[in-house]
Every structure is written in structure tokens, then in C-alpha cells.
S.K.: 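Quick one: the structure is below, questions incoming.
It should be emphasised that the depicted structure is a prediction, and the values quoted were computed from it without experimental measurement. Within every chain, numbering begins at 1; the chains are lettered A, B, ... in the order of the sequence lines, protein sequences first and strands thereafter.
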Number of protein chains: 2
Amino acid sequence: MATIREVARRAGVAPSSVTRVLSGHPNVSEGLRAKVLAAVEEIGYRPDLLAAGLRRGSSHTVGVIVSDIINPLLAEMVDALDVKLRDKGYSVLLANSHGDPKRDVESVHLLRQRRTDGLIVMVVDETQPELKEALRDLPIPVVLLDRQVEGADSASAVLSDHARGTRELTLQLLDAGHERLALLSGLQGTTYPGRERTRGFISALAERGVPLRPRAIRDARATPEAGQRLTAELLDDDEPPTAIVVGPNPMLVGVLRELHRRKLRVGRDLALACLDDVPIAALHQPPITALARDVREMAHTAATLLLDRLTGVSRFPRTVVLPTEVRRRASSAPLPLQVED
Amino acid sequence: MATIREVARRAGVAPSSVTRVLSGHPNVSEGLRAKVLAAVEEIGYRPDLLAAGLRRGSSHTVGVIVSDIINPLLAEMVDALDVKLRDKGYSVLLANSHGDPKRDVESVHLLRQRRTDGLIVMVVDETQPELKEALRDLPIPVVLLDRQVEGADSASAVLSDHARGTRELTLQLLDAGHERLALLSGLQGTTYPGRERTRGFISALAERGVPLRPRAIRDARATPEAGQRLTAELLDDDEPPTAIVVGPNPMLVGVLRELHRRKLRVGRDLALACLDDVPIAALHQPPITALARDVREMAHTAATLLLDRLTGVSRFPRTVVLPTEVRRRASSAPLPLQVED
DNA sequence: TTGAAAGCGCTAACAA
DNA sequence: TTGTTAGCGCTTTCAA
């Protein structure tokens with residue numbers, strides 16, 4: 001790989017002049033610029049970004065920590081972040097936690113060691129002390145994306161109003177006559193969406209004076225397998241729920257598997273809703289009621305908050321809360337289900 | 001951020017000794033090791049990976065170019081690659097092409113500039129001259145993942161036998177009485193899977209002596225929108241197909257949308273099959289016949305091929321072809337469809 | 001407007 | 001076994 005010295009030699013100038021031309025320095029003569037660009041072209045020179053980053057102290061790179069890239073919502077988030085950041089000259093360094101909180105923490109350190117200029121954080125478990133500590137010590141701007149980390153006061157955040165949306169969706173189920181409601185959630189308390197959804201669910205019940213039945217809220221890792229297992233547990237109860245609200249979208253696949261296995265018809269034998277809108281929700285027959293949010297807008301906002309701090313436009317952390325929207329579909333049919341259709 | 005010099009000063013040793021301890025150099029006394037580790041612990045030192053990479057000439061990083069991270073199959077591929085490579089001490093630098101061939105080429109250059117030690121390539125369009133050129137000039141090992149690039153003789157490859165699988169799946173449809181078959185494919189000729197699927201489809205027709213009708217094979221960008229549009233075109237034909245074979249899995253979503261919109265029942269009004277198995281295929285009612293392959297095995301093989309070259313275990317490129325498997329489900333019902341229940 | 005020189009933080013060659 | 005020294009490729013003073 002060609003170096004800047006070779007370009008300089010070929011153009012008959014100093015290495016520093018090559019840098020000036022390539023970085024758009026204002027005081028450069030046309031003649032020098034032309035000579036340098038010709039030489040660059042000739043030998044196909046491309047600067048070594050490690051060396052440049054080392055010298056500059058920053059790598060023009062943004063670290064993105066994502067709990068699980070297989071989650072289609074998160075994949076879209078990463079895609080949108082990447083498009084926006086690349087457009088502004090930053091590369092994305094992706095750190096996938098693969099559902100493992102230990103990797104959350106490792107990733108913070110790793111990205112720091114790679115001198116990323118900023119961090120966008122969608123961790124598995126935001127409550128880990130090691131994570132809080134690692135984030136607190138970072139000298140670079142951080143944006144939490146649908147996460148809330150205690151003590152990370154210097155971090156910006158982009159949040160969805162899960163509580164409000166979940167409350168509304170739950171109220172609709174209650175007003176349709178359902179009383180035996182169940183909520184499937186990710187591991188209790190580990191992330192902001194999980195806590196907020198639970199809060200919204202409970203407040204809807206309270207609002208209508210419907211008692212929260214024991215074991216009505218069940219949590220597990222956000223996987224299809226866990227979703228299937230929890231559904232089986234619910235249905236094996238003496239008094240199975242008439243409506244299931246599924247939080248994390250990966251669980252929805254498992255829930256549907258179990259319902260199909262038992263030949264239970266969604267929207268007839270049982271009402272169903274998901275707190276994330278993913279393609280299968282709308283495509284399912286019957287379509288499944290879901291709480292939607294604009295993932296690309298969230299990503300754009302997060303990228304903008306980060307870029308503003310990287311470029312010095314803004315010096316202080318900000319928190320932005322974005323709305324959610326109930327998409328009512330056939331799966332959340334009213335009671336009594338059996339007389340429907 | 002602490003540097004190696006501070007650690008050295010604190011431990012009362014030379015910086016090179018710190019390196020030796022941390023990199024597990026054999027000839028290091030117990031006393032020195034203890035002193036260094038204590039100092040490292042004390043100030044929470046973590047090496048700057050840019051500096052180390054610059055000095056070493058390699059970054060312990062593998063670049064992964066992926067055509068579209070939103071594709072669930074590719075997301076799983078990236079996840080599996082990441083798990084395997086991280087386990088061996090390499091970080092993954094993800095470059096998402098977002099469906100844009102221009103970004104394929106940019107990414108090759110960018111990853112090269114970041115001194116990745118190797119590349120795993122799942123580009124949008126493998127036929128671009130700029131891409132071929134960029135790959136040919138790379139001084140690092142490359143593994144093509146379900147891609148075949150002309151002239152990239154020094155690259156290894158992991159391929160699925162799409163042709164064989166597609167042929168088998170198509171034969172099953174033909175033998176079930178379907179004659180008016182259509183194939184939806186990604187942009188013609190741009191990737192190995194697209195070409196191989198078309199080849200398999202055509203050879204199955206030839207084998208049964210069924211003529212290939214004009215416009216029976218339609219191609220477009222591999223998106224839900226394109227899938228929906230092509231489906232609409234097919235169904236508006238004078239002689240619409242009785243069975244549709246969908247290649248790229250993102251198209252399947254669009255196909256289903258259009259079928260639902262027209263109130264056409266899969267497996268009754270029309271047979272359907274997809275050449276990738278994704279969760280919605282199995283979850284759909286009725287379940288959709290699909291061609292499956294072991295994505296995680298493909299990723300593992302690719303990672304292993306790359307690691308073998310990075311660690312010097314192997315010096316030559318290898319090509320591995322992995323099998324596909326027809327998962328026959330209710331969507332590929334036999335003709336005449338209308339009498340079936 | 002341009003060049004010379006220093007140094008980012010690390011590791012490897014060489015010397016002791 | 002350990003320390004000294006040089007230098008990876010770049011950018012940024014500083015001086016001319």
C-alpha cells in the first residue's frame with residue numbers, strides 16, 4: 001500500500017503538502033494541488049486511517065452497540081444509523097452483543113480502545129454496574145437509544161413512549177371485554193422498554209379497576225424459544241388468559257408457533273397484540289395488533305444528537321421522547337371471542 | 001486515557017516490558033509480570049488499538065461487507081460470523097451496502113484503509129468491474145460468501161448449491177401438475193444465488209419438457225416493494241401462473257401482501273414457494289414451501305477459511321459448496337388447486 | 001504558500 | 001531477562 005511519502009516524492013513536494021491538499025486546507029496553490037492530485041491518482045493512494053486516527057486522536061468512527069442484530073427492528077436501526085452517519089463522513093463500528101450482557105461491557109471497552117469518536121448504545125442489560133461504570137468514565141459523547149442508564153448524566157437519549165402506547169393498547173383490550181390479560185416481557189427491569197411497557201400495562205389495569213392477577217406478567221430472555229415456553233405456561237394455567245400482550249418482537253414468533261401447535265386461532269380463540277410492529281404482525285392471518293414506532297426517525301434523531309456533539313454544535317446532552325402508535329388489527333378481537341365471525 | 005508509558009513508569013519498568021507482559025511473551029520473570037499487572041490494574045490501562053495496529057501493520061480486525069443488513073438471513077450470517085471471529089480475537093468491522101452497489105466498492109476501499117486483516121464479502125452486485133478490480137488488488141485474504149467474483153482467483157468461497165435445490169423444488173411443482181410457473185428473482189446476473197436459481201429453474205423445466213414461457217422469469221431489486229409489483233404484473237397476465245417461485249426472501253413479504261390484497265389463498269388459488277427459508281415462511285398459514293440452508297454453518301465455514309489463512313494454517317484459497325434442502329409445506333399444493341381442501 | 005521536524009502510542013529489533 | 005531505540009504513516013506545529 002502506497003504511503004503519503006511516495007505521493008510526496010512523486011509530486012516533488014513535502015508530505016505535509018499532500019495532507020493539506022487532501023484535507024482541503026485553504027492556503028494551497030493551484031499548481032501544488034494539481035501536482036499532488038495527479039500523483040495521488042497515478043499511484044492510487046488512499047490514506048491509512050489507523051495512522052491518521054492515531055495522529056489526530058480520533059478515528060472518524062462511531063461505535064454502535066446493539067443487543068442482537070438478528071432482531072429485525074434493531075437491524076433496521078443499525079441500517080438507518082449507518083446511512084446517516086456514513087453520509088456525514090463517519091464509519092460505523094458495530095458491536096453485536098448477541099443477547100449477552102457481558103458483551104455489552106466488553107464492547108464499551110473495545111470501542112473505546114479503537115478510539116471511536118462517539119457511541120450509540122442499545123445494550124442487552126442497562127442495569128449492570130460494570131456497564132454503568134464503563135459508560136460513566138467515557139470521555140466521548142454517548143447516545144442511549146431506547147435505553148436509560150442510571151448515573152449516565154452526560155449521555156443523550158432517544159426514547160419511545162412505550163408506557164403511554166402500552167397503556168392505550170391495553171385499555172383497548174380491556175374495553176373490548178378482556179379481563180384475563182397476560183403480558184410477556186423481556187427479562188424484568190433490564191431495559192427501559194421492558195420497564196415502561198410493564199408500567200403502562202399495570203396502569204391500564206388499575207385505571208379500569210381490573211385486578212392484576214398473579215403470574216399475569218411473565219418475563220424471560222427475548223427469544224422465540226422463551227416466547228413459546230411462556231405461552232405454553234400461560235395456556236396450561238387453570239384460568240388461561242383471553243388476551244396475550246407480547247412485548248419483545250422476537251418472542252412473537254414463539255408465541256405464534258405455540259398457538260399454531262395447539263390449533264388455537266388468533267383473534268377467535270384468543271386475542272393477541274405485540275408491542276413492536278414487525279412485518280410478520282401485519283402479514284399474519286389474521287393481522288396482529290401492534291404498537292408501532294418510527295424506527296428510522298429514532299435512528300436519525302440519535303445520529304443527529306451525536307453528530308451535534310461531535311461537531312461542537314451542541315455541548316450538552318439532550319433527551320428526546322418519540323411517540324408510539326397503536327395499529328389496531330383483527331387479532332385483538334373483542335370478547336366473547338367465540339361468537340365472532 | 002492512560003498510555004503504556006504511564007504503566008511503565010508506575011511499575012518502574014520499560015514500556016517494552018509492559019508490551020511483553022500483556023502479549024504473553026515467554027521470557028518474562030514472575031516479579032516483572034506481577035509489577036506490570038498491578039500497575040495495569042491500578043490505572044485501568046487498556047492498549048490503544050489504533051496505535052498497536054499501526055505499529056504491527058495489522059488491526060486484528062475482519063471486514064464484513066453485507067448487501068443489506070435488514071435481510072434476516074444476512075443478519076444471522078453477520079451474527080454467526082461475529083460470534084466465531086470474536087471468539088478468535090478478531091473484531092468485525094461491518095460495512096452495510098444498503099442495497100447500493102456503489103457502496104460495495106466504497107466499502108472494499110474503506111475497509112482496506114482501516115487495515116482489516118481479511119475480508120468476508122456478501123456484496124449487492126458481484127459483476128461490477130470496479131469491484132473486481134478493487135478485490136483483485138487486495139493484499140489480504142478474502143472469502144466470498146455466496147458470491148462468485150470473476151478473476152478473484154486468490155479468494156476463497158463458501159457457496160450454497162442453489163441450482164440443485166431450485167431444480168428439485170421446481171421439479172416437485174411440475175410433478176404436482178403445475179405448468180404455468182413463474183420465478184421472481186433479484187436483478188438478473190448480479191449475484192451467484194440469482195444466476196444459480198435461474199439455472200436450476202430452467203433445467204427443471206427442460207427436464208420435464210415444459211416450455212419456458214416468455215416473461216416467466218422476472219427480476220428486480222430484492223425488496224418487498226419489487227416483490228409486490230412483480231406479483232401484480234404476473235397476476236394481471238392473460239395466463240397467470242398457477243405457481244410462483246420467489247427467489248430473494250425480502251420479495252416474499254411483498255408477494256404475500258399482494259396475494260392477500262387480492263384475497264388469493266396461498267396453496268389453494270395459487271401455489272407458492274420461496275428459495276430462502278425465513279421465519280415467516282414456516283409461520284404463514286398455510287406454511288410456505290422453502291429451500292433451506294444452514295446459515296450458521298455457512299458463516300462458520302467462511303470464518304474458518306479466513307482464519308486458516310490469517311493464522312498461516314492454510315496458504316491457498318479454497319471453495320466449499322454446502323447443500324440446500326427443500327422443506328415441503330402446504331403452500332406448494334398440487335393441481336388442480338380448486339378441488340383441494 | 002510550502003517544508004522540516006516532531007510525535008500520536010505502540011511494538012520489535014537489537015543491545016546489554 | 002530487561003531496556004534502549006527506532007519507526008509504523010500520518011498530521012500539525014513552527015519556521016522560512
Side-chain angles (χ1 to χ4, degrees), chain A residues 1-37 39-40 43-61 89 91 109-110 112-117 139-140, chain B residues 1-37 39-40 43-61 89 91 109-110 112-117 139-140:
Chain A
M1 186 136 141
T3 73
I4 201 168
R5 305 173 67 97
E6 297 174 48
V7 177
R9 200 154 40 78
R10 195 164 197 115
V13 302
S16 48
S17 291
V18 178
T19 292
R20 276 190 280 259
V21 168
L22 293 182
S23 67
H25 193 94
N27 295 340
V28 174
S29 74
E30 251 331 299
L32 187 124
R33 150 168 274 104
K35 275 191 293 183
V36 167
L37 290 180
V40 164
I43 58 182
Y45 168 74
R46 283 166 191 275
D48 180 322
L49 265 23
L50 287 198
L54 173 62
R55 174 61 231 232
R56 246 192 274 112
S58 92
S59 60
H60 275 295
T61 271
S91 291
H109 294 309
L110 196 68
R112 172 119 191 59
Q113 290 183 258
R114 292 208 181 275
R115 282 199 185 263
T116 50
D117 298 345
I140 53 174
Chain B
M1 187 132 143
T3 72
I4 201 170
R5 304 175 66 99
E6 297 174 47
V7 177
R9 200 156 38 78
R10 196 167 197 110
V13 303
S16 50
S17 292
V18 177
T19 292
R20 276 191 280 259
V21 169
L22 293 182
S23 66
H25 192 94
N27 295 339
V28 175
S29 74
E30 250 330 299
L32 188 126
R33 152 169 272 102
K35 275 191 293 183
V36 167
L37 290 180
V40 164
I43 58 182
Y45 168 73
R46 284 168 190 274
D48 179 322
L49 265 23
L50 289 197
L54 173 61
R55 172 62 230 230
R56 247 192 274 112
S58 92
S59 60
H60 276 297
T61 270
S91 291
H109 294 309
L110 197 68
R112 171 126 185 53
Q113 291 184 257
R114 292 206 182 278
R115 281 198 186 264
T116 49
D117 298 346
I140 52 174

S.K.: Nearest of dG9(D), dT13(D), dT11(C) to any side-chain atom of A52(B)?
M.R.: dT11(C)

S.K.: Would you give the length of the straight line joining atom CE of M1(B) to atom CD1 of I140(A), rounded to the nearest 0.5 angstrom?
M.R.: 10.0 Å

S.K.: Contact class for L49(B) (heavy atom, under 4.0 Å): base, sugar-phosphate, or nothing?
M.R.: nothing

S.K.: Roughly how many Å is it from CD in E30(B) to P in dT2(D), rounded to a whole number?
M.R.: 10 Å

S.K.: Can you find a donor-acceptor pair, distance only, under 3.5 Å between R55(B) side chain and dG9(D) base?
M.R.: no

S.K.: Got a donor-acceptor pair under 3.5 Å from the side chain of R115(B) to the base of dG9(D)?
M.R.: no

S.K.: Looking at the side chain of S29(B), which of dT2(C), dC10(C), dT1(D) is the nearest nucleotide?
M.R.: dT1(D)

S.K.: Contact class for L50(A) vs. all strands (heavy atom < 4.0 Å): base, sugar-phosphate, or nothing?
M.R.: nothing

S.K.: Given atom CZ of R9(B) and atom C1' of dC10(C), what is their separation to the nearest angstrom?
M.R.: 17 Å

S.K.: How many whole angstroms separate atom CZ of R5(A) from atom P of dC8(D)?
M.R.: 7 Å

S.K.: Which nucleotide in the set dT2(D), dT11(C), dC10(D) lies at the smallest distance from any side-chain heavy atom of P15(B)?
M.R.: dT11(C)

S.K.: Whole angstroms only, please: what is the CZ-P distance between R20(B) and dA12(C)?
M.R.: 10 Å

S.K.: Looking at CD of E6(B) and OG1 of T3(B), how far apart are the two atoms once the value is rounded to the nearest 0.5 Å?
M.R.: 4.5 Å

S.K.: With respect to the side chain of I4(A), which nucleotide from dT2(D), dG3(C), dT11(D) is positioned closest?
M.R.: dT11(D)

S.K.: Looking at V36(B) and V7(B), what are the two nearest heavy atoms and their distance?
M.R.: O-CG1, 4.3 Å

S.K.: Under a plain distance cut-off of 3.5 Å, with no hydrogens placed, do R114(B) and S91(A) share a side-chain donor-acceptor pair?
M.R.: yes

S.K.: When you get a sec, tell me which of dC10(C), dT2(C), dG3(D) is the closest nucleotide to the side chain of A51(B)?
M.R.: dC10(C)

S.K.: Distance check needed: dC14(C) C1' versus H25(B) NE2, whole Å only.
M.R.: 13 Å

S.K.: Using atom CZ of R56(A) as one end and atom P of dG9(C) as the other, report the distance to the nearest whole Å.
M.R.: 15 Å

S.K.: Looking for any heavy atom pair under 4.0 Å, which part of the strands does N27(B) touch: base, sugar-phosphate only, or nothing?
M.R.: base

S.K.: State, with a plain yes or no, whether a side-chain heavy atom of D48(A) is found less than 4.5 Å away from one of R115(B).
M.R.: yes

S.K.: Contact class for T3(A) (heavy atom, under 4.0 Å): base, sugar-phosphate, or nothing?
M.R.: sugar-phosphate

S.K.: Measure CD/E6(B) against P/dC8(C) and give the value in whole Å, please.
M.R.: 12 Å

S.K.: What does R33(B) touch in the nucleic acid at a heavy-atom separation under 4.0 angstrom: a base, only the sugar-phosphate, or nothing?
M.R.: nothing

S.K.: Less than 4.0 angstrom between a side-chain N/O of S16(B) and OP1 or OP2 of dG3(D), yes or no?
M.R.: no

S.K.: The side chain of D48(B) lies closest to which of these nucleotides: dT13(D), dG9(C), dG3(D)?
M.R.: dG9(C)

S.K.: Could you tell me the separation between the CZ atom of R55(A) and the CG atom of L54(B), rounded to the nearest 0.5 Å?
M.R.: 12.5 Å

S.K.: Looking at the side chain of L54(A), which of dC8(D), dG9(C), dA6(C) is the nearest nucleotide?
M.R.: dG9(C)

